[in-house]
Amino acid sequence: AEGNVSMLQPNGDVFFADYVQLSSNMKRGVINHFRARLSDNSVFAAAEAKKETATTTDLTRAVYSPCKLCTDSDPFWQMKSNKVTVDEVEKRITYRNARLEMFGVPVFYTPYFVHPTPDAPAQSGFLTPQYAHDDNLGTIIETPYYWRLGHSAEAIVTPWYLSDEGLLLETEYRQLTDGGSYTLSGSVTDAKNRDVDGNEISGREVRGHIYANGVESITDYSRVGFNIARSTDDTYLRRYGFGDQRVLFSDAYVEAAQNRNYAVVRALAIQGLRETDDPDRTPLVLPSIEAYYETDPLSSGIRFHFFGNAQSITRD
């Protein structure tokens with residue numbers, strides 16, 4: 001086949017070429033000026049592609065990028081290699097003598113590199129690096145690592161490099177159970193000390209935050225749960241881009257509901273992040289109780305219902 005050739009693969013990938021020669025019931029062949037758009041919209045280009053078997057393709061002088069391509073600039077990042085092998089059985093793409101480029105500039109070399117194909121099942125591995133610049137933090141480079149813990153649990157561990165602050169570690173964990181779900185995220189850094197005006201002073205301090213929530217069914221009519229949001233200090237979340245909240249609420253609860261009746265017992269903690277907030281005056285609510293009960297209708301159709309709440313509030 002010659003001239004504007006395209007081949008749609010069973011997995012959704014589309015191959016493009018100027019010239020294609022196939023044999024063995026289209027299981028083997030040679031493709032010149034190979035280009036491909038994979039099912040996840042990432043793109044491949046190569047001087048030549050050889051289809052060695054029905055499931056294996058070797059690329060020569062290849063380039064790969066998951067980024068949206070623009071006609072007037074290089075992609076944010078791309079991987080170049082003298083030889084690339086696409087294995088549709090193992091669901092992986094293997095590079096030899098690979099170079100990572102950002103905006104067309106080489107930044108990393110490795111003799112061997114592997115990543116999964118778009119239709120591969122979830123597995124552990126590095127995710128797309130992130131790059132940014134901030135007036136307070138300087139150059140920011142994030143290299144997230146996806147950790148597959150099983151069919152119902154996963155984690156993402158992301159080291160940050162901050163040119164003006166040092167290193168920061170961010171983590172996120174998610175899990176599903178038969179009766180509930182849990183999410184935990186947080187970060188920690190050994191930051192430079194600063195005065196109230198933001199000026200750097202001697203020493204360093206550990207700063208961080210945690211967000212967590214979870215819920216688990218006890219019976220068909222009851223469950224327990226929690227929501228946690230805490231920060232080491234007032235300005236950490238805003239400075240590092242984890243949120244702009246002025247107040248953080250954390251609670252744990254047990255609740256039950258059946259027919260028209262409902263009850264919940266809750267504990268509530270509050271962290272104020274405004275300059276005027278005084279921790280000694282911030283209340284701890286333990287417990288907070290709320291209940292509603294409704295009788296069955298009497299012979300006349302009348303129902304009686306009862307509602308009440310009570311809470312205990314303490315301050316230092």
Test item: side-chain donor near acceptor, Tyr240 and Thr189, under 3.5 Å: no
Let me have the donor-acceptor pairs involving side chains of residues 135-143, under 3.5 Å, with sequence neighbours excluded, atom names and distances please.
none

Any side-chain heavy-atom pair of Pro283 and Arg315 under 4.5 Å: yes
Sub-4.5 Å side-chain heavy-atom contact between His209 and Thr232: no
Spatial distance of atom CD (Gln271) from atom CG (Asp277) [nearest 0.5 Å]: 9.5 Å
Qualifying ring-ring contact (aromatic ring centres under 6.0 Å, His included) pairs, either residue in residues 74-100, two or more places apart: Phe76-Phe103, Tyr95-Phe113, Tyr95-His115
side-chain contact (heavy atoms from CB on, under 4.5 Å) partners of Phe226, counting only residues at least two apart: Tyr182, Ala212, Ile228, Ala252
CG (Asp278) with more than 12 external heavy atoms under 6.0 Å: yes
Minimum side-chain heavy-atom gap Ile218-Val224 below 4.5 Å: yes
Any side-chain heavy-atom pair of Leu184 and Thr171 under 4.5 Å: no
Tyr64 reachable from Phe108 in the ILVMFWY side-chain graph, under 4.5 Å edges: yes
Test: Glu165 and Arg204 ion pair at under 4.0 Å: no
Spatial distance of atom CG (Leu169) from atom OG (Ser187) [nearest 0.5 Å]: 8.5 Å
Short side-chain to backbone donor-acceptor contact, Thr60 and Lys83, under 3.5 Å: no
Aromatic ring pairing Phe307/Tyr292, orientation class (parallel under 30°, perpendicular over 60°, tilted between): tilted
Verify same cluster id: Val114, Val86 (apolar side-chain graph, 4.5 Å): no
Side-chain touch Glu48/Phe34, heavy atoms, less than 4.5 angstrom: no
Beyond-backbone contact of Ser250 with Arg230, side-chain heavy atoms, under 4.5 angstrom: yes
Within 6.0 angstrom of Gln21 CD, more than 12 heavy atoms from elsewhere: no
Distance-only side-chain donor-acceptor flag, Asp251 / Asn227, under 3.5 Å: yes
Intermediate values then yes/no, salt bridge (charged side-chain N to carboxylate O under 4.0 Å, His left out), Asp244 and Arg238: CA-CA 5 Å; Asp244 59 355; Arg238 293 191 295 275; over 6 Å; no
OG1-CD distance between Thr117 and Glu90, expressed to the nearest 0.5 angstrom: 10.5 Å
Heavy-atom side-chain contact between Pro116 and Lys91 under 4.5 Å: no
Linked hydrophobic residues, Val105 as query - side chain contacts closer than 4.5 Å: none
Euclidean distance, Phe304 CZ relative to Thr295 OG1, rounded to 0.5 Å: 6.5 Å
Close aromatic pair by centroid cut-off 6.0 Å: Trp160 and Tyr131: no
N/O donor-acceptor pair under 3.5 Å between Ser6 side chain and Phe16 backbone: no
CG/Asp178: more than 12 non-hydrogen atoms of other groups inside 6.0 Å: no
Flag side-chain contact, heavy atom, 4.5 Å: Leu237 against Leu273: yes
Any donor-acceptor N or O pair under 3.5 Å, side chains Glu255, Tyr262: yes
Flag for Glu216-Thr177: side-chain donor and acceptor within less than 3.5 Å: yes
Backbone N/O of Tyr221 and side chain of Thr219: donor-acceptor pair under 3.5 Å: yes
Non-neighbouring partners of Val285 that pass side-chain contact (heavy atoms from CB on, under 4.5 Å), sequence neighbours left out: Leu268, Ser288, Gln311, Ile313
CD on Glu88 to OG1 on Thr55, rounded to 0.5 Å: 6.5 Å
Arg303: partners by side-chain hydrogen bond (donor to acceptor under 3.5 Å, both in side chains), with sequence neighbours left out: Glu294
Modelled atom types, side-chain donor and acceptor of Thr235 and Arg207, under 3.5 Å: yes
